[in-house]
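To find a chain, count down the sequence lines: A is the first, B the second, and so on, and within it residues start at 1. Just so we're clear, the structure is a prediction, and the values are computed from it rather than from any experiment. All heavy atoms count here, side chains included; hydrogens, waters and symmetry mates do not.
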2 protein chains.
Amino acid sequence: MVRLTVQRQAILDLINRSNQHWDAEELARCLGENGEQLGIATVYRGLAALENAGLIQSIQLADKKRYERADKGHHDHLVCIKCGDIEEFCDNKIESRQQQVAQDRSFQMTGHQLLIFGVCQSCSNDSRESETP
Amino acid sequence: MVRLTVQRQAILDLINRSNQHWDAEELARCLGENGEQLGIATVYRGLAALENAGLIQSIQLADKKRYERADKGHHDHLVCIKCGDIEEFCDNKIESRQQQVAQDRSFQMTGHQLLIFGVCQSCSNDSRESETP
DNA sequence: ATTGATATTGATAATAGTTATCATTCTTTG
DNA sequence: CAAAGAATGATAACTATTATCAATATCAAT
């Protein structure tokens with residue numbers, strides 16, 4: 001039986017209070033700065049427990065996992081390759097096509113992850129400014 | 001200027017001769033067994049160089065990167081969470097919706113990765129057999 | 001409240017995949 | 001051929017994450 005300890009509550013609160021996509025180390029640092037110092041292993045275990053319980057959700061990037069609130073429901077992500085910014089989107093047609101693909105192959109889908117990589121609007125504005133015309 | 005050395009050619013040949021999704025260590029081991037022993041760093045650098053040149057392509061899984069031939073063109077993947085098997089699919093509707101999503105947000109898409117997780121047909125047959133009826 | 005069973009914590013060691021370093025060995029080109 | 005530019009291989013280093021384990025906290029039943 002999994003427990004919602006004060007440490008896990010602190011992690012959950014921090015994630016729920018923001019719209020960021022946190023990695024474990026950022027969370028530990030931010031909690032520490034707010035007087036809630038947790039061992040890094042506790043953070044990792046807490047995140048896994050909270051995700052299992054459906055209280056938070058995560059995306060797996062190339063280097064690390066990032067966690068966000070679950071109360072916004074499922075969505076996919078646009079990841080800026082310049083600044084690392086993460087935007088969210090949800091497209092029902094994509095979702096339903098995925099189901100179809102899985103069904104066609106007798107594949108019992110349990111989840112999916114769609115990442116779109118590219119340059120976000122703000123970064124492409126920046127690079128336009130610095131061009132020599 | 002990037003060179004296609006004998007080592008890189010060996011990597012490329014092996015990948016092109018198969019339909020597998022190789023990780024770096026598997027490649028190094030298989031090459032070694034075929035008398036083409038390469039340092040592991042050479043394998044990693046070779047894979048990166050070949051991918052940059054568009055000669056191979058990769059998918060980033062949670063734990064490691066896996067490489068496959070590029071001459072089949074782009075596609076997405078179904079990953080079995082039981083046996084690790086990787087199937088391929090391509091859905092034009094999903095592809096075009098992605099473009100649309102990016103365009104709507106003035107996001108300059110450079111690539112994407114869609115992974116569908118679940119249980120493959122063969123694994124779900126296996127578990128059905130072992131049930132106590 | 002006490003006890004016993006179970007879960008969690010935190011410090012730290014260990015692991016896995018990958019990248020960095022650096023001296024040595026090719027290649028290419030003038 | 002010599003200089004410049006790449007690549008190789010052995011290995012150290014790095015990063016994110018998980019395992020270990022003793023100490024502590026929590027829960028349920030007495």
A.B. asks: With a 6.0 Å cut-off (strictly less than), is the heavy-atom count around NZ of K93(A), excluding the residue itself, greater than 12?
C.D. replies: no
A.B. asks: Please report, rounded to the nearest Å, how far the C1' atom of dG17(C) is from the NZ atom of K65(A).
C.D. replies: 17 Å
A.B. asks: Return no unless some side-chain N or O of R8(A) is found under 4.0 Å from OP1 or OP2 of dT8(C).
C.D. replies: yes
A.B. asks: Could you give the CD-to-P distance, from E25(A) to dT17(D), as a whole number of Å?
C.D. replies: 10 Å
A.B. asks: Heavy atoms only, 4.0 Å cut-off, all strands: where does T42(B) land among base, sugar-phosphate and nothing?
C.D. replies: base
A.B. asks: Rounded to the nearest angstrom, tell me the gap between atom CZ in R3(B) and atom P in dA4(D).
C.D. replies: 14 Å
A.B. asks: Across all strands shown, which nucleotide pairs with dA16(D) by Watson-Crick or G-U wobble geometry, both distances under 3.5 Å?
C.D. replies: dT15(C)
A.B. asks: Measure from the side-chain heavy atoms of A41(A) and tell me the nearest of dA11(C), dT18(C), dA16(D).
C.D. replies: dA11(C)
A.B. asks: Quick one: K64(B) NZ to dT18(C) C1', roughly how many Å, whole number?
C.D. replies: 12 Å
A.B. asks: Would you indicate what D63(A) reaches in the nucleic acid, counting non-hydrogen atoms under 4.0 angstrom: base, sugar-phosphate, or nothing?
C.D. replies: sugar-phosphate
A.B. asks: Would you mind reading off the distance between R29(A) atom CZ and dA16(D) atom P, rounded to a whole angstrom?
C.D. replies: 11 Å
A.B. asks: Check every atom of dA7(D), dT12(C), dT9(C) against the side chain of I40(A) and return the nucleotide holding the closest atom.
C.D. replies: dT12(C)
A.B. asks: Identify, between Q60(B) and V6(B), the residue whose nearest nucleotide on DNA chain C lies closer to the 5' end.
C.D. replies: Q60(B)
A.B. asks: Salt bridge check: are K72(B) and E88(B) linked by an N-O gap of less than 4.0 Å?
C.D. replies: yes
A.B. asks: Using heavy atoms to find the nearest nucleotide of DNA chain C for G39(A) and R66(B) separately, return the residue whose nucleotide is more 5′.
C.D. replies: G39(A)
A.B. asks: Remember a base hit wins even if backbone is also touched, and classify R45(B) as base, sugar-phosphate or nothing at under 4.0 Å, heavy atoms.
C.D. replies: base
A.B. asks: Using the side-chain heavy atoms of Y44(A), tell me which of these nucleotides is nearest: dC27(D), dG10(C), dT17(D).
C.D. replies: dT17(D)
A.B. asks: Can you find a side-chain donor-acceptor pair between N125(B) and Q121(B) that sits under 3.5 Å?
C.D. replies: no
A.B. asks: Are there more than 12 heavy atoms of other residues, nucleotides or ligands under 6.0 Å from atom CD of Q100(A)?
C.D. replies: yes
A.B. asks: Would you say T42(B) and Q7(B) are linked by a side-chain donor-acceptor pair, where the criterion is simply a distance under 3.5 Å?
C.D. replies: no
A.B. asks: Counting heavy atoms from C-beta on, name the nucleotide in dT9(C), dT17(D), dA7(D) closest to the side chain of T5(A).
C.D. replies: dT9(C)
A.B. asks: What is the distance, to the nearest angstrom, from the CG atom on L47(A) to the C1' atom on dG10(C)?
C.D. replies: 16 Å
A.B. asks: Classify the nucleic acid contact of Q7(B) as base, sugar-phosphate or nothing, counting any heavy atom under 4.0 Å across all strands shown.
C.D. replies: sugar-phosphate
A.B. asks: Starting at atom CG of L4(B), determine the distance to atom C1' of dT8(D), rounded to an integer number of angstrom.
C.D. replies: 15 Å
A.B. asks: May I have the distance from Q9(A) (atom CD) to dA25(D) (atom P), rounded to whole angstrom?
C.D. replies: 19 Å
